[in-house]
Amino acid sequence: MLDINVIRNYPDKVKQAIINKHETSANIDLILELDTQHRSMIFACEQLKSKRNEKSKEVNALKKSGKDATALIEETRNIGDEIKSIEENLHGMDAQIKDLLLRIPNIPADDVPVGKDANDNAIVKSWGERKSFDFPPLPHWELGTNLNILDMERSSKITGSGFILLKGLGARLERALFSLMLDVHTRDHGYTELFTPFLVNRTSMTGTGQLPKLEDDMYHIPSDDLFLVPTAEVPVTNIHRDEILSFKDLPLYYTAYTPCFRREAGSYGKDTRGIIRVHQFNKVELVKLVRPETSYQELEMLLGNAEKILQILGLEYRVAKLCTGDMSFAAAKCYDIDVWAPGLNKFLEVSSCSNFEDFQARRINVRYRGEDNKLRFVHTLNGSGLALPRTVIAVLETYQQKDGSIAIPDVLQPYMGGVKVIAKKA
RNA sequence: GGAGAGGUGGCUGAGCGGCUGAAAGCGACGGUUUGCUAAACCGUUGUAGGGACUAAAGCCCUACCCCGGGUUCGAAUCCCGGCCUCUCCGCCA
């Protein structure tokens, strides 16, 4: 959520940001108009309240001195009725403004390239050598099915399409990967590990910005009005909702493994094969709450923490600075990490590292008291560290061998109980 | 699921219709004292919105004692609904 003062003072800047982000539902002029009306109503209402408070005191004084107060009571009651009718309008207007405000996206940072879609993103880094094969590398679904570690047919029997069933060393590989990630982030990068609820309420979803915009993309439990987490960002960022932290508490670094549930409404027919795009996947998330003046430095560090996982796995990747049009609703600046999948012959997004500045903090009302004793909103950041299925794809496709087996990278072997190769059972 | 108890400021905790934005204590901050620390003493100590002012500081007004309604001239205080916490019983991995 943007500060209403920013909209009042720099409406053109906000409008430009909306255009650059291709957000259509935000209406700045309407907000400004409502805001002006709203303020004059508040003024009128508060003046009446002031008058009522005064008269009430007079009533009390009269009664105490034993005089008759009926006329004054009658007069004050009328003021009260007037206040009530204004307040009814005021509440409606409040809600309308709040709703409009929640639909205004964050303003991109100054160094974010203006652009339309992923084609306008700036590749800022490439890491690793392109691996060459002396045989045509297979896509992961063929590798996984042949090795009997991935079973998409049976998973759709259980649930439907877009759900993963891993078996044997495939399941073990999944567990090995998120264990490795959590260990690296807690041991080497200073994050505190959390294990959170996988169902969250509407307030939490609104706080991080998934709602109201993306409700159709979320799995919802109507009987309790709860949502399955689309990312650990939601429970983790909401931990400190409505809290005032001390500057001594900051920065806070959290990491959490959760499954992520996404309906992927609107992306039917895209990436339907294999496990590139699924409705449920595992992810290790990194979340930071920091002081505003450090947030961009913290973003670079967060990005580095996520990259580290690909580096130790020896997987080729690139980093893109997203353009305005490709960035999410709540982000001010965002980097994507794309890993190379040789069998698919393309890059896959495995992480998105974003600085939200105070956009989420304002929604979740997390402030901190500085050395000067003043209250300020914290800045929030998050990034995947990393999303599992696509990391699995990269591992399977990168380390596939001519006979269809998979060589397990050294760093994963201890997590695999010493297994060095996933091979077909004889 | 059934029966009770409760939610007040950073914390503990009083207040139960007007004198209460809220006693007292603790904590925190500033000061006096001190070789240093501690103690003692003095003082300060909520947030948000609106208004006039060029802006900050300061000033005025309004709101906030879990949330939302109601009663009343007037609500932290009375009534109704919701949420949350705790205790007991039942059920259960």
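Side-chain atoms are counted along with the backbone in the values below, which use heavy atoms only and exclude waters and symmetry mates. Every chain is numbered from 1 and lettered A, B, ... according to where its sequence line falls, protein lines coming before strand lines.
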- For A/Asn365 and B/A48, give me the distance from atom CG to atom P, rounded to whole Å. 9 Å
- Considering only side-chain heavy atoms of A/Arg369, which listed nucleotide, B/G46, B/A48, B/G49, is closest? B/G46
- Item | Under 3.5 Å: donor-acceptor pair, side chain of A/Asn20, backbone of A/Pro108 | no
- Query: Starting at CZ of A/Arg39 and ending at P of B/A48, how long is that distance when rounded to a whole Å?
  - Reply: 17 Å
- Are any of A/Arg52's side-chain N or O atoms less than 4.0 Å away from OP1 or OP2 of B/C61? no
- Message: Taking the C1' atom in each of B/U32 and B/A48, what is the distance between them to the nearest angstrom?
- Response: 36 Å
- Would one find a side-chain N or O of A/Ser56 under 4.0 angstrom from OP1 or OP2 of B/G18? no
- Task: Using the C1' atoms only, state how far B/G46 lies from B/G9, rounded to an integer number of Å.
- Result: 6 Å
- Query: To the nearest Å, how far apart are A/Glu371 CD and B/C29 P?
  - Reply: 13 Å
- Query: Would you say A/Asn60 reaches B/C19's phosphate, i.e. side-chain N/O to OP1/OP2 under 4.0 Å?
  - Reply: no
- Rounded distance (Å) that lies between atom C1' of B/G17 and atom NZ of A/Lys57: 15 Å
- Output the single nucleotide from B/G49, B/G51, B/G70 whose closest atom is nearest the side chain of A/Lys84. B/G70
- When you check the phosphate oxygens OP1 and OP2 of B/G46, does a side-chain N or O of A/Arg367 lie under 4.0 Å from one of them? no
- Options B/G51, B/U62, B/C73, nucleotide nearest the side-chain atoms of A/Phe43: B/G51
- Base B/G51 to side chain A/Glu46, donor-acceptor N/O within 3.5 Å cut-off: no
- Task: Write down the partner of B/A40 under the Watson-Crick or G-U wobble criteria, each distance required to be under 3.5 Å.
- Result: B/U32
- Query: What distance do A/Thr196 atom OG1 and A/Glu285 atom CD have between them, rounded to the nearest 0.5 Å?
  - Reply: 10.5 Å
- Compute whether any side-chain donor of one residue and acceptor of the other, for A/Glu397 and A/His140, lie under 3.5 angstrom apart. yes
- Query: Considering every strand shown, what is the Watson-Crick or G-U wobble mate of B/U72 when both distances are under 3.5 Å?
  - Reply: none
- Take atom OH of A/Tyr368 and atom C1' of B/G10, then tell me their distance rounded to the nearest Å. 18 Å
- Item | Any A/Asn53 side-chain nitrogen or oxygen under 4.0 Å from OP1 or OP2 of B/A63 | yes
- Message: Over all strands shown, is A/Lys49 touching base, sugar-phosphate only, or nothing at heavy-atom distances under 4.0 angstrom?
- Response: sugar-phosphate
- A/Leu375 vs A/Thr76, nearer the 5' end of RNA chain B by closest nucleotide: A/Leu375
- For B/A28 versus B/G18, give the span between their C1' atoms, rounded off to a whole number of Å. 34 Å
- Rounded distance in Å between the P positions of B/C64 and B/U77: 10 Å
- Query: Expressed as a whole number of Å, how far does the P atom of B/A39 sit from that of B/C29?
  - Reply: 12 Å
- Minimum-distance nucleotide (side-chain atoms of A/Lys63 versus B/C61, B/G51, B/G18): B/G18
- Message: What's the gap between B/U8 and B/A23 when it is taken at their P atoms, as a whole Å value?
- Response: 16 Å
- Message: Using whole Å, what does the distance between atom P of nucleotide B/A48 and atom CZ of A/Arg376 come to?
- Response: 12 Å
- Message: Applying the Watson-Crick and G-U wobble criteria at under 3.5 Å, what pairs with B/C64? Answer none if nothing qualifies.
- Response: B/G46
- How about A/Tyr257 and A/Phe178: are their ring centroids closer than 6.0 Å? yes
- Message: Distance check, P atoms only: B/G2 and B/C61, in whole angstrom units.
- Response: 50 Å
- Return the value, rounded to whole Å, for the distance between atom CE of A/Met93 and atom P of B/G50. 14 Å
- Item | Residue A/Ser50, side-chain atoms from C-beta onward, closest of B/U62, B/G50, B/C73 | B/U62
- Message: Could you identify the nucleotide paired to B/A57, looking across every strand shown and requiring Watson-Crick or G-U wobble geometry with both distances under 3.5 Å?
- Response: none
- Query: Taking atom types as modelled and ignoring hydrogens, do the side chains of A/Gln360 and A/Thr208 form a donor-acceptor contact shorter than 3.5 angstrom?
  - Reply: no
- Atom-pair distance (CZ on A/Arg77; P on B/U72), nearest Å: 7 Å
- Item | Gap in Å between the two C1' atoms, one belonging to B/C92 and one to B/G21, rounded | 47 Å
- In Watson-Crick or G-U wobble terms, both distances under 3.5 Å, what is the partner of B/C92? none
- Message: Please report the interatomic distance NZ(A/Lys213) to CE(A/Met218), rounded to the nearest 0.5 Å.
- Response: 10.0 Å
- Mapping A/Lys64 and A/Lys374 to their closest nucleotides on RNA chain B, which lands nearer the 5' end? A/Lys64
- Distance below 4.0 Å between A/His91 side-chain N/O and B/G69 OP1 or OP2: yes
- Item | Salt-bridge present (A/Lys15, A/Asp29; N to O < 4.0 Å) | yes
- Query: Across all strands shown, which nucleotide pairs with B/G6 by Watson-Crick or G-U wobble geometry, both distances under 3.5 Å?
  - Reply: B/C84
- Note on the structure: Applying the 3.5 Å cut-off to both distances, the Watson-Crick or G-U partner of B/A14 turns out to be none
- Tested for salt bridge (Lys or Arg N to Asp or Glu O under 4.0 Å) against A/Lys49, the lone hit among A/Glu82, A/Glu54, A/Glu87 is A/Glu87
- Message: When both hydrogen-bonding distances must be under 3.5 Å and the geometry is Watson-Crick or G-U wobble, what is B/A22 paired with, if anything?
- Response: none
- Message: So A/Arg362, base contact, sugar-phosphate only, or nothing? Heavy-atom distance under 4.0 Å.
- Response: nothing
